[in-house]
Protein chains: 2
Amino acid sequence: MPESPGSTSGSPARKGARQRRVTITDVGAAAGVSTSTVSRVLNGTARVDPELVRRVQSAVAELGYRPNAAAQGLARGEAGAIGVLVPDLSNPYFPDVLKSISAVARSHGRRVMVMESDEDPASEPELAEDLMRCCDGVLLCSPRMDRTALLDLTLRGHPLVLVNRIVPGLSTPSISADFYGGMTLVCGHLTQLGHRRVAYLSGPESSWANAERLRAFDAAAAFGLDVDVVPCGHTARQGYEAAGTVPDRGATAVVAYNDLVALGAVAALEESGVRIPDDMSVIGCDDISLDDLPASRRLTTASLARHELGRQAAQRLETLMTVGGDTEPLYIPMELRVRHTSAPPALRPSRPATAPPGLSTAD
Amino acid sequence: MPESPGSTSGSPARKGARQRRVTITDVGAAAGVSTSTVSRVLNGTARVDPELVRRVQSAVAELGYRPNAAAQGLARGEAGAIGVLVPDLSNPYFPDVLKSISAVARSHGRRVMVMESDEDPASEPELAEDLMRCCDGVLLCSPRMDRTALLDLTLRGHPLVLVNRIVPGLSTPSISADFYGGMTLVCGHLTQLGHRRVAYLSGPESSWANAERLRAFDAAAAFGLDVDVVPCGHTARQGYEAAGTVPDRGATAVVAYNDLVALGAVAALEESGVRIPDDMSVIGCDDISLDDLPASRRLTTASLARHELGRQAAQRLETLMTVGGDTEPLYIPMELRVRHTSAPPALRPSRPATAPPGLSTAD
DNA sequence: CTGTTAGCGCTTTCAC
DNA sequence: GTGAAAGCGCTAACAG
């Protein structure tokens, strides 16, 4: 058994005092070669005499040597890691994205550092900067910070790619789900079903993705779809709470900022005796947990290949770090998944009791 | 506007060529002080003349200087980060844990590096080692690797704490949900409702947490509860698929490895006309998304304060890294949440077709 | 209080 | 093919 240096007794030192780590010098000494040779065999940087290779390898094994990542990083001028900043880890949206980012990064020999801003736009710049300090590149997911802060970061000259936020005029590689297109699909679907007035449970104010959805509603007005925007949020609970006010607003369908909100809305509506989709259609966004959460199989939603988004984002960052960036924003298309929570509006649209037959009463 | 060094023209260099980063030396030069002084004002390591402080600070701002993390790490002998290894990021279980780990780590000035093993026990040791190379301490969440591999890692003398896996004889700080206690609560609940035979949709073979649950079932046998173990897995889809076979097995209740599996089972059972909880009780584990997923509000489950688990785990690691470790395993208690998917068994318990009148017809 | 001087552990020219 | 030596950017004694 290789004796760990610094502790002569066999008892595992569990003290705070750090036992001296094995360094490349130790390996060199043990193998009777220079540190450069050790480095060379470990990195395959140059041809080395097979005999020496053997000696080095066995010394490495003997001593249990592991290169110090910080030292490598300093010497190589590369951290070997990329950073990812997300607003909220508990949103099922991100793990999927993270998963593929992580896979791509690994395939390029990089680790992934994750930070979460807790949906607080003000904390983002600092976190992002911190990521830049210790990573070769960073992915900003759905950043909520304002334009100027964002601009500021991009000017640092550090590899950076924006995910789910496209800022016109920013020459930073960006990639996003096509929320506008996705919501347009949703609006079209509802319109064709016969809905004329829908409530939109709106996401975080600072969310660009939310703004994109709103833009789609504006356009949908031309097709006769009237959208009532209800401030809500991004969690199921917020959807649950906001949904309570919907039936009174004369809407026959509710579109939610995301699936979580939609699920919350469904729960609230059903609890108050509203049948879905008979009395009210509910449509989500994101298609959370494709093949994992059976509950979500029922929700009509705008679906996004999150793995694809993550993969492309990571790939784009890698490209940026190595050969240089492509500035053209990339949109990942969304698809409409018609499932069980959307249907034509009820024959008697809900109207305030005072209204004469046939006239719209929207205030 | 501070001119970035290396690019004389104003155009933001987006090339692959790394522009020379501003170093502490540059700052020292600009402020007319030594690098040590710069270091001191930046770290608050010692008192510095207010005038110099001012000069340093403005030089820092002017130049847009950010300390290089690798260099700091090397010089300080500390990476300023902790690593977390989880089997599967998409499991809603982990984001919550990660969230609080992340918060605690931050409060101690450390970043968090996340890696995922994709439920592949064989990949874990390498990932864990990699984390050790670049982090001051690591958290192994629900490690699937075998005892020896685990033992091997703990012997490296690198701060390490085990989460959701207690290995007797390992003097490594460990912390876990009390799965045994949780499942015991579940068994007691079912028994008191009158159930005598339940099916257990079993989790990953290599999961210690699953083994703990099984241990609870063994004990429950003494109370007359007969548990039929059905190999399943950890995803909703696997729960969906495994649930199909349950009604034939004469069980009046199914206990699932986790809530995801339970949700899958509920979906499958309902689809095949089984009423829940009237015909069949379904109980989960983990209490996924406490206040976020309304769907889960309906599931009777063994609940765990995941944030607490994460917090304590991170705190324990921090303690280990600074003052030394406490080797006594810590168990976080679980609570039974009785909701809408558990009830007394149907009056006519399903029995094989040979039974006298009142027989169930399940094939 | 401040500057000088050594390294931290590794990679990488540059000679041999 | 291999070793010696310089240096990545920062911190931390150590003198003044």
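This structure is a prediction, so every number in the text was calculated from the model and none was measured. Every chain is numbered from 1 and lettered A, B, ... according to where its sequence line falls, protein lines coming before strand lines.
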Note to self: Does anything in residues 32-42 of chain B come within less than 4.0 Å of DNA chain C? Heavy atoms only, and list the residues if so.
What the structure shows: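 Within this stretch, B:V33, B:S34, B:S36, B:T37, B:R40 sit under 4.0 Å of the strand.
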Among all residues two or more places apart in sequence or in another chain, which pass the side-chain hydrogen bond (donor to acceptor under 3.5 Å, both in side chains) test with [X]?
X	result
B:N43	B:S39
A:R165	none
B:E126	none

Note to self: Determine whether a donor-acceptor pair (N or O, by modelled atom type, separation under 3.5 Å) exists between the side chain of A:H158 and the backbone of A:R133.
What the structure shows: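 A pair under 3.5 Å: no.
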Margin query: Any side-chain to backbone donor/acceptor pair from A:D96 onto A:H307? Under 3.5 Å, distance only.
Written below: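 Between the backbone of A:H307 and the side chain of A:D96 there is no qualifying donor-acceptor contact (under 3.5 Å).
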[atom1] of [X] versus [atom2] of [N]: gap in Å, rounded?
X	N	atom1	atom2	result
A:E78	C:dG9	CD	C1'	17 Å
A:R21	C:dG9	CZ	C1'	11 Å
B:L74	C:dC10	CG	P	9 Å
B:Q72	C:dG9	CD	P	17 Å
A:D26	C:dG9	CG	P	9 Å

Checklist line | Axis bend over the full length of the helix from C:dC1-D:dG16 to C:dC16-D:dG1, computed from five pairs that close each end, to 10 degrees | finding: 40°
Check: Contact boundaries of DNA chain D with chain B (under 4.0 Å, heavy atoms), 5' to 3'?
Finding: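 Extent of the interface on DNA chain D: D:dG9 to D:dA13.
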Next item on the list: Check side chain to side chain contact (heavy atoms under 4.5 Å, CB included) between B:L330 and all other residues, then give those that pass, not counting sequence neighbours.
Entry: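 With neighbours one apart ignored, the set is B:I175, B:Q312, B:R316.
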Who passes salt bridge (Lys or Arg N to Asp or Glu O under 4.0 Å) against [X], sequence neighbours left out?
X	result
B:D152	B:R156
B:D49	none
B:R111	A:D130
B:R54	B:E51

Check: Which value, rounded to the nearest 0.5 Å, describes the distance between B:M113 atom CE and B:L139 atom CG?
Finding: 14.5 Å
Next item on the list: Salt-bridge test for B:E124 and B:R144: reply yes if a basic N is under 4.0 Å from a carboxylate O, no otherwise.
Entry: no
Note to self: Between the side chains of B:D118 and A:K99, is the shortest nitrogen-to-carboxylate-oxygen separation below 4.0 Å, so that they form an ion pair?
What the structure shows: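 Salt bridge between A:K99 and B:D118, a charged N being under 4.0 Å from a carboxylate O: yes.
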Notebook entry, point to check: Of the residues in residues 50-60 of chain A, which ones touch DNA chain D at a heavy-atom distance under 4.0 Å?
Noted result: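 The stretch gives A:L52 as the residues lying under 4.0 Å from the strand, ordered by number.
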